[in-house]
Number of protein chains: 2
Amino acid sequence: MKSRVARGKTWWATLTTVSEAAREPDEDRPSGHPGACPNFHAAVELIGRKWNGVILQQLLTGPLRFLELRERVPRVTDAMLSQRLKELEAAALVERVVTTTSRPVEVRYKLTPIGDRLAPVLDAVAAWGNEWAAEVSP
Amino acid sequence: MKSRVARGKTWWATLTTVSEAAREPDEDRPSGHPGACPNFHAAVELIGRKWNGVILQQLLTGPLRFLELRERVPRVTDAMLSQRLKELEAAALVERVVTTTSRPVEVRYKLTPIGDRLAPVLDAVAAWGNEWAAEVSP
DNA sequence: CAGTATCCAGTTTGATACTG
DNA sequence: CAGTATCAAACTGGATACTG
């Protein structure tokens, strides 16, 4: 296998760029009404993808190594975490930084600037999540 | 088949309540560090679930009927939309209102109060989504 | 440590057709 | 209109074992 970012063939892996998502057909709505914004659509499904929200939330606290991340994300497996990190890297939200080339290597995952700007978004989700929880289980 | 909310057996359909989600094991993190908040985890994956984000966004503009919703949510199918609406109803975000009992019946889906409070959250996601799109495709 | 490869069961989706 | 039934195909996630 050649490239990183290969196996994670997912809904959006079929799009190479966000701009493609932006061109997301959306056809079949002949005239008028607004319909959903493709950017929103892509964004919400990316961060809501299983594990991604939690991974991102943890990285918001600072760069983490693979194992650190794994122990902070409850039931995730190596394979899942690895795949999700590749997807997030491809989406330009996360950067993979090799700290040491001497073996064993040290790798850190850190948010990119745009990834970092997710902070208020995830905070808003977390805040709502608590209200929701309080609502549903009084 | 008896109950509404039956077929959509999904990750979180295995939890009956949000409070159960809150008790989500999270075990295996013996001591210390914060780890992810289960409320956040559940919330982000619920709204990020395929179609849910867009459905919710559309309902934020006001109550909609089944077909209105379907035409506003790009590629969704009847079956998917129906299933998602049942899940959102079970999650207490959406309320199903039967407007007319005379045939053909008229049904409207509207957000509950807690569902309505998602507005700022989804706005934040949308705003970020646009920044992200601009970033990735300049 | 930081992953990858493989296998595979279980879910999720999508098409299509049909009902009250 | 507002869905449900059914079936096949696609994708996902998890376990296990292995590498540099």
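Values below: all heavy atoms of this structure, side chains included; hydrogens, waters and symmetry mates excluded. Protein chains get the first letters and strands the later ones, always in sequence-line order, with residue 1 at the start of each.
In this entry the distance linking CG of B:Leu85 with P of D:dG3 reads 8 Å, nearest Å. Here the C1' atom of nucleotide D:dG13 and the CG atom of A:Asn52 are 14 Å apart, to the nearest Å. Nucleotide C:dC1 holds its P atom 10 Å from the CD atom of A:Glu71, rounded to whole Å. One can place CZ of A:Arg108 at 8 Å from P of C:dA2, the figure rounded to the nearest angstrom. Between the CD atom of A:Glu89 and the P atom of C:dG3 there is a distance of 9 Å, given to the nearest Å. Whole-Å rounding puts the A:Arg70 CZ to C:dG3 C1' distance at 10 Å. Atoms CD (B:Glu68) and C1' (D:dA2) sit 12 Å apart, rounded to a whole Å. If you measure from atom CH2 of A:Trp51 to atom C1' of D:dG14, you get 10 Å, rounded to the nearest angstrom.
Distances were taken from every side-chain heavy atom of B:Asp78 (C-beta onward) to each of C:dG14, D:dT4, D:dA2; the shortest belongs to D:dT4. Closest to the side chain of B:Leu67, out of C:dG3, D:dG14, D:dA2, is D:dA2.
Judged by closest nucleotide on DNA chain D, B:Phe66 is the one of B:Phe66 and A:Val105 placed further toward the 5' end. The 5' end of DNA chain D is approached more closely, in terms of each residue's nearest nucleotide, by A:Ala79 than by the other of A:Ala79 and A:Pro104.
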Criterion side chain to side chain contact (heavy atoms under 4.5 Å, CB included) on A:Lys50 and A:Arg84, from CA distance to verdict: CA-CA 9 Å; A:Lys50 197 168 189 184; A:Arg84 287 293 121 91; 4.1 Å; yes
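Taking side-chain N and O atoms only, A:Lys86 has a distance below 4.0 Å to OP1 or OP2 of C:dT4. Between B:Arg49 and C:dT11, a side-chain N or O to OP1/OP2 separation shorter than 4.0 Å is absent. The phosphate of D:dC11 has neither OP1 nor OP2 within less than 4.0 Å of any side-chain N or O from A:Lys50. Between B:Arg96 and D:dG3, a side-chain N or O to OP1/OP2 separation shorter than 4.0 Å is present. Distances shorter than 4.0 Å separate none of the side-chain N or O atoms of A:Ser82 from OP1 or OP2 on C:dG3. The side chain of B:Tyr109 contributes an N or O atom lying less than 4.0 Å from OP1 or OP2 of D:dG3. For the pair B:Arg65 and D:dC1, the criterion of a side-chain N or O lying under 4.0 Å from OP1 or OP2 is not met.
By the 4.5 Å heavy-atom criterion applied to side chains, A:Leu81 and A:Trp51 are not counted as neighbours.
Criterion: ILVMFWY side-chain heavy atoms under 4.5 Å apart, direct or through other members. Under it, B:Leu60 and B:Val76 are part of a common hydrophobic cluster.
Across all strands shown, D:dC1 is found opposite C:dG20 as a Watson-Crick or G-U wobble partner, with both distances under 3.5 Å.
Residue B:Gln58 holds its CD atom at 14.5 Å from CZ of B:Arg70, rounded to the nearest 0.5 Å.
Ion pairing between a basic and an acidic side chain is recognised when a charged N comes within 4.0 Å of a carboxylate O; A:Glu106 and A:Arg65 show such pairing.
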